[in-house]
Amino acid sequence: MEFLVAETIFDVVVLGGGPAGYTAAIRAAEYGLKVALVEKTDRLGGTCLHVGCIPTKALLFNAEIWDHLKHATEFGIQGIGAPTLDWAAVLTRKNGIINKHAKGLDFLMKKHKITVVRGLGRLTGAAQAGVHTVEVAGDEATQQVQAKYVILATGSEAKMLPGMVPDDRILTNIELLSINDVPKSLIVIGAGAVGMEFSSLFRTFGAEVTIVEFLPRVVPVEDEEVSKEITRLFKKRGIDVNTGAKVETVERTESGVKVTYTDANGRTQVKEAEKVLIAVGRAGRTANIGLEKTKIELERGLIKVNEAQETAEPGIFAIGDIVFGLPQLAHVGAMSGMIAAAKIAGRTFKPVRRDRIPGCTYTEPQIGSVGLTETQAKEKGFDVKVGKFPFAGNSKATILGTHDGFVKVVAEAKYGEILGVHILGPQATEIVAEAVAVLELEGTVEELMFTIHAHPTLAESLLDGFGAVEGMAINA
Ligand SMILES: Cc1cc2nc3c(=O)[nH]c(=O)nc-3n(C[C@H](O)[C@H](O)[C@H](O)COP(=O)(O)OP(=O)(O)OC[C@H]3O[C@@H](n4cnc5c(N)ncnc54)[C@H](O)[C@@H]3O)c2cc1C
């Protein structure tokens, strides 16, 4: 939907309609501001909705069902036989979910009277008499959108290895999410959340999966014990995990790809597969948006902001994946958008705190964590006390038939303040929400040991985890 915007001076123009941008736009409208949202593609939702969070989690849910079906007889369900996978139907369901939510966003824009402008937005420089002008190049014409404030939310894209471009065998998340069939074999370069989730997913569907990670451990932002245990569990599932491994070359062969790397012992290794996924991080989309005409400062290609998400150029904010110093996660982008909107509207806000951000990896089993790892807490000089409770002692986990993993609580010894919670196990990405609230409210071990958790639930594992800090878990 194209609007004639030439005569309007908006309160805010947002560049980019991903989770950071659309959240900022909606919240600004909720504050009563007049908002324009510029999006270069024909659909709102960004990486998250179209080629990130939502499609991956949709496919991972298919994988979960597939796993359950394979174990149906253990649950007394007969007659399933040998299930077969209709990959085309899997993709159709995934696309249906995306379309439903993309339409939902269009509805929300209308509901909040946000003017959506289609086209590539670019800054034209500093504000003139308090008004910024953004140039928007659409398919047919270029128009100017004027506003008192600008919020940059142009997001990120997959980094490639030097000299490489994605094709039908060397893939990023975009190509892999629309692949025609489950590959027989897949090499995944990079073991952050994206690489780990795709490894887990395609292994469940039968692919031979090899992980090649440069750093000494997988999911390197997580607590060391989580990395160690998920490595063991991935290996048990038949995933070939190689850490401390430096990729030297990625070549196309007659039938697939060949990856040569130097392993942790300095030896050259060669692996071949049908496809390779490059998941080595994401670069901010900061090029060609007119930053050079402003005072905006970059650090490693990302925009520097203060705690209100303001850049060095007065009146211009930056949020989401293009921001330096924050993890590139949809919920961080959305919250940074709410903060920018509040600041512009003159309302109070709480800045994003790095140690209050939940990190979720939707592997089998899942990882959900928040706060300091044991090592980080020690490095910060805390006198640390740790409690660990295995899911083997949790009755709901037994009911679900999934016992792998643990809850690890990192607390400060003197007052018992909870500094970090690290969960590896069933529904870890859901039950971590309690831990986030606990940290936000500066909860202590003692308070949590007397907080009633419903029975039987997976969340009870947290109660035992808190008790374990004092050596007093009930079920272990
Ligand atoms: C495979 C994968 C799985 C992920 N899973 C999760 C997950 O489970 N949970 C989680 O929290 N995060 C996840 N992420 C990360 C998440 O997708 C990002 O953090 C999030 O999308 C960032 O939001 P954003 O709005 O900053 O940017 P984006 O989502 O990238 O959106 C930016 C938008 O700006 C538009 N745009 C760019 N330049 C311009 C311009 N010049 N003018 C107009 N429009 C422009 C783009 O078209 C796009 O719509 C995942 C990422 C990947 C790749």
Side-chain angles (χ1 to χ4, degrees), residues 13-26 36-61 94 98 102 105 116-123 134-138 142 145 150-159 171-178 188 190 192-201 277-291 302-303 309 317-323 326-338 340 357-363 366-368 429 432:
V13 57
V14 182
L15 243 67
Y22 70 70
T23 304
I26 292 171
L37 177 66
V38 181
E39 169 54 49
K40 69 174 180 177
T41 68
D42 57 359
R43 294 201 300 175
L44 298 178
T47 301
C48 173
L49 178 55
H50 299 283
V51 287
C53 330
I54 303 301
T56 49
K57 269 84 255 182
L59 297 183
L60 281 155
F61 186 61
K94 174 209 68 158
I98 294 172
L105 287 173
V116 178
V117 186
R118 303 288 175 189
L120 190 78
R122 187 176 291 137
L123 300 168
V134 169
E135 202 176 78
V136 182
T142 295
V145 182
V150 181
I151 300 179
L152 299 173
T154 49
S156 66
E157 53 207 9
K159 281 184 191 162
L171 318 173
T172 70
N173 57 303
I174 298 177
E175 294 75 32
L176 191 49
L177 280 166
S178 297
V188 175
V194 172
M196 292 292 279
E197 287 180 1
F198 278 115
S199 299
S200 187
L201 171 69
L277 169 71
I278 313 289
V280 294
R282 299 190 57 85
R285 280 198 205 96
T286 48
N288 305 321
I289 54 170
L291 297 187
L302 298 168
I303 297 177
Q309 304 296 139
F317 292 67
I319 57 174
D321 278 12
I322 44 163
V323 168
L326 288 178
Q328 291 174 309
L329 293 169
H331 43 280
V332 177
M335 186 53 75
S336 64
M338 291 190 249
I357 297 171
C360 293
T361 306
Y362 298 70
T363 37
Q366 296 185 347
I367 304 170
T429 60
V432 73

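We count ligands from 1, going down the list as the structure has it; atoms in each ligand are counted the same way.
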Counting each atom of ligand 1 from 1 as listed, which ones have a heavy atom of [X] under 4.0 Å away?
X: Gly46; answer: 29 (O), 31 (O), 48 (C), 49 (O)
X: His331; answer: 11 (O)
X: Arg285; answer: 30 (O), 32 (C), 37 (C), 46 (C)

Nearest to [atom], what protein heavy atom do you find, and at what distance?
atom: atom 21 (O) of ligand 1; answer: Cys48 N, 3.2 Å
atom: atom 48 (C) of ligand 1; answer: Glu39 OE1, 3.5 Å
atom: atom 27 (O) of ligand 1; answer: Gly155 CA, 3.1 Å
atom: atom 15 (C) of ligand 1; answer: Gln328 O, 3.6 Å
atom: atom 40 (C) of ligand 1; answer: Gly121 N, 3.7 Å
atom: atom 39 (C) of ligand 1; answer: Thr154 CG2, 3.5 Å
atom: atom 34 (O) of ligand 1; answer: Gly16 CA, 3.2 Å

Selection from [options] by shortest heavy-atom distance to [atom]:
atom: atom 53 (C) of ligand 1; options: Val332, Asn173, Thr41; value: Asn173
atom: atom 11 (O) of ligand 1; options: Ala330, Gly320, Gly18, Ala193; value: Ala330
atom: atom 13 (C) of ligand 1; options: Gly52, Gly119, Cys53, Ser336; value: Cys53

[X] N/O to ligand 1 N/O under 3.5 Å:
X: Tyr362; answer: no
X: Arg282; answer: no
X: Thr47; answer: yes
X: Ile319; answer: no
X: Ala20; answer: yes

With a heavy-atom distance limit of 4.0 Å, tell me whether [X] approaches ligand 1 through its side chain, its backbone, both, or neither.
X: Leu44; value: neither
X: Ser156; value: backbone
X: Lys40; value: both
X: Leu120; value: both
X: Thr56; value: side chain
X: Lys57; value: side chain
X: Asp321; value: both
X: Pro19; value: both

Test applied, side-chain contact (heavy atoms from CB on, under 4.5 Å); reference residue, Phe198; option that passes from Leu171, Leu60, Leu277:
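The passing option is Leu277.
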Which of these, Val38, Val14, Leu123, sits in a side-chain contact (heavy atoms from CB on, under 4.5 Å) with Val150?
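Among the candidates, only Leu123 passes.
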Check: [X] side chain, [Y] main-chain N or O, donor-acceptor pair, under 3.5 Å:
X: Glu135; Y: Arg122; value: no
X: Thr56; Y: Cys53; value: yes
X: His50; Y: Pro55; value: no

Do other residues, nucleotides or ligands put more than 12 heavy atoms under 6.0 Å from Met196 CE?
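Atom CE in Met196 is packed in, count exceeds 12.
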Looking just at side-chain N and O atoms, do Glu197 and Ser200 make a donor-acceptor pair shorter than 3.5 Å?
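Distance-only check fails for Glu197 and Ser200.
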Do the side chains of [Y] and [X] get nearer than 4.5 Å, heavy atoms only?
X: Leu59; Y: Leu177; answer: yes
X: Leu291; Y: Leu152; answer: yes
X: Ile98; Y: Arg43; answer: yes
X: Leu105; Y: Leu49; answer: yes
X: Ser336; Y: Val323; answer: no

